[in-house]
Amino acid sequence: MRPVLFRIFGLGVPSYGLMLVISFLVAIFLVRKSAKKYNIPAAVIENLAFWVMIGVIIGGRLLYVLFHLNEYYDFFTIFEVWRGGMMFFGGFLGAVAAGIIYIRTVKLPVLLLGDIIAPSIALGEFFTRIGCFLNGCCFGLPCSLPWGIKFPPESIAGSSPVGEFHLHPTQLYSSLFGLLLFVFLFLRSRRKHFRGELFGLYLAVSGMYRLAIDFIRYYENSANLWINQLISAAVIIAGIALYVTSLKKKIVDKAVVIPPAKKVKA
């Protein structure tokens with residue numbers, strides 16, 4: 001497809017990297033706007049975004065490398081994240097871990113921030129999966145559907161063992177799913193909800209989708225498939241448990257109070 005979207009002064013701008021950056025910028029804008037209702041300073045959101053970004057990059061890249069060691073002939077190529085090569089669940093788990101650690105340091109309710117961020121996570125998948133499509137990765141199995149795509153031979157998908165066939169554009173399926181889930185969660189956030197409800201819904205619904213889409217996604221080996229299936233199942237269980245718990249506790253979040261001594265600087 002177009003791994004390099006365009007060039008500026010001879011320097012290529014990678015499509016996946018650009019979409020990843022766009023997803024973070026849009027998420028920061030939306031989360032800052034939502035956080036105002038709870039009296040959460042913009043500096044907290046900006047700092048949180050920084051650490052979440054670090055978690056996404058490290059977690060996503062680490063899990064991908066562990067299951068694609070044959071692609072890295074040189075140790076330093078591991079750090080070339082702008083070329084693509086990330087695993088969604090690795091990035092997600094890395095982001096959750098980094099986010100929880102930071103949120104606890106500023107003594108804010110973790111689930112409150114989870115609810116605020118949930119719609120933006122879904123929207124982030126809308127952007128990043130477009131990046132995957134342009135990069136030619138995360139493609140599907142052969143299909144005979146009218147919208148099946150024949151990827152160029154020089155692309156990652158085109159040079160794969162199934163590259164001679166028309167393939168499911170699973171990147172675009174996931175992108176559309178992310179957009180629809182964002183709309184659902186955004187509209188739900190504007191109505192009365194309980195602490196942890198939105199984040200629980202995000203986990204359960206996105207986990208179910210991933211469990212299903214993996215059956216038409218191409219994987220180099222069964223280990224890649226099953227690690228994603230296991231994580232998807234765990235995410236679904238966690239999401240349902242969190243959703244049910246939120247309905248039982250019925251905690252309605254209001255504006256938080258941050259003492260002057262604990263004001264966060266950007």
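Side-chain atoms are counted along with the backbone in the values below, which use heavy atoms only and exclude waters and symmetry mates.
Listed by chain and number, the residues in a side chain to side chain donor-acceptor pair (under 3.5 Å) with S174 are Y209 (sequence neighbours excluded). Partners of A233 under the side-chain contact (heavy atoms from CB on, under 4.5 Å) rule, at least two apart in sequence or in another chain, do not exist in this structure. Not counting sequence neighbours, the partners of H168 by the side-chain contact (heavy atoms from CB on, under 4.5 Å) test are C143, L145, T170, Y173, I216. For A223, the side-chain contact (heavy atoms from CB on, under 4.5 Å) criterion is met by F67, N221, not counting sequence neighbours. Contacts of Q171 classified as side chain to side chain donor-acceptor pair (under 3.5 Å), with partners at least two apart in sequence or in another chain: none. By the salt bridge (Lys or Arg N to Asp or Glu O under 4.0 Å) test, R210 is found to be paired with D214, residues two or more places apart in sequence or in another chain being considered. Listed by chain and number, the residues in a side-chain contact (heavy atoms from CB on, under 4.5 Å) with V26 are I22, L30, L123, F127 (sequence neighbours excluded). For F186, the ring pair (Phe, Tyr, Trp, His ring centres under 6.0 Å) partners at least two apart in sequence or on another chain are F182. The side chain to side chain donor-acceptor pair (under 3.5 Å) search around E220 returns H68, not counting sequence neighbours. The ring pair (Phe, Tyr, Trp, His ring centres under 6.0 Å) test applied to F126 returns no partner, not counting sequence neighbours.
Residues W51 and I101 form no side-chain contact, since every pair of their non-hydrogen atoms from C-beta on lies 4.5 Å or further apart. Under the 4.5 Å side-chain criterion, counting only non-hydrogen atoms from C-beta, S15 is not in contact with V4. Contact of the L181 side chain with the L201 side chain is not registered, since no non-hydrogen atoms from C-beta on lie closer than 4.5 Å. Contact annotation: the side chain of W147 approaches that of P169 to within less than 4.5 Å [non-hydrogen atoms, C-beta and beyond]. Between V31 and S34, the closest side-chain pair of non-hydrogen atoms is not below 4.5 Å. For the pair I240/L203, no side-chain contact is recorded, criterion being any heavy-atom separation below 4.5 Å from C-beta on. In this structure, the side chains of R188 and H193 come closer than 4.5 Å at one or more pairs of heavy atoms. Looking at heavy atoms from C-beta onward, L134 lies out of side-chain contact with Y16 at the 4.5 angstrom threshold.
Connection of L176 to V205 is not established within any shared hydrophobic cluster, with ILVMFWY side chains joined at heavy-atom distances below 4.5 Å, either directly or through further cluster members. I117 and F184 fall within the same hydrophobic cluster, defined by Ile, Leu, Val, Met, Phe, Trp and Tyr side-chain heavy atoms under 4.5 Å apart, directly or through other members. Put simply, V21 and M19 are part of two different groups of oily side chains (I, L, V, M, F, W, Y) that touch within less than 4.5 Å, one to the next. In the hydrophobic cluster analysis, where Ile, Leu, Val, Met, Phe, Trp and Tyr join through side-chain heavy atoms closer than 4.5 angstrom, L20 is grouped apart from I28. Note on L242: it does not cluster hydrophobically with L211, by side-chain heavy-atom contacts below 4.5 Å among ILVMFWY residues.
Closest non-hydrogen pair, L48 versus G99, comes out as CD1-CA, 3.8 Å. Smallest separation of non-hydrogen atoms from L167 and V162: CD2-O, 3.4 Å. Residue P14 comes nearest to G12 through the heavy atom pair CD-O, 3.4 Å, listed as atom of the first residue, atom of the second, then distance. Shortest non-hydrogen contact noted between D115 and G196 is OD2-N, 2.7 Å.
When the shell of 6.0 Å around NZ of K33 is examined, it contains 12 or fewer heavy atoms from other residues, nucleotides or ligands.
Atom OG1 of T245 and atom CZ of F194 lie 13.0 Å apart (nearest 0.5 Å). Here S232 contributes atom OG and I213 contributes atom CD1; the two are 11.0 Å apart, rounded to the nearest 0.5 Å. Atom CD1 of I231 sits about 12.0 Å away from atom CD1 of I236, to the nearest 0.5 Å. Taken from CD1 in I103 to CG in N47, the straight-line distance is 12.0 Å, to the nearest 0.5 Å. Here L111 contributes atom CG and L198 contributes atom CG; the two are 11.0 Å apart, rounded to the nearest 0.5 Å. Note that CG of L172 is 11.5 Å distant from SG of C138, once rounded to the nearest 0.5 Å.
Under the 30°/60° scheme for interplanar angles, the aromatic rings of F92 and F89 are found to stand perpendicular.
Identified under the ring-ring contact (aromatic ring centres under 6.0 Å, His included) test for residues 210-250, with sequence neighbours left out: F139-Y218. Within the structure, salt bridge (charged side-chain N to carboxylate O under 4.0 Å, His left out) contacts touching residues 118-142 (residues at least two apart or in different chains) are E125-R129.
E46 and R32 are joined by a salt bridge, as a carboxylate oxygen and a charged side-chain nitrogen come within less than 4.0 angstrom of each other.
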Step-by-step side chain to side chain contact (heavy atoms under 4.5 Å, CB included) determination, L141 to F165 | CA-CA 9 Å; L141 294 171; F165 304 103; over 6 Å; no
For the pair I40 and I116, evaluate side chain to side chain contact (heavy atoms under 4.5 Å, CB included) and give the outcome as yes or no after the intermediate values.
-> CA-CA 11 Å; I40 299 175; I116 293 173; 3.9 Å; yes
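In this structure a side-chain-to-backbone donor-acceptor pair under 3.5 Å is missing from N135 to G131.
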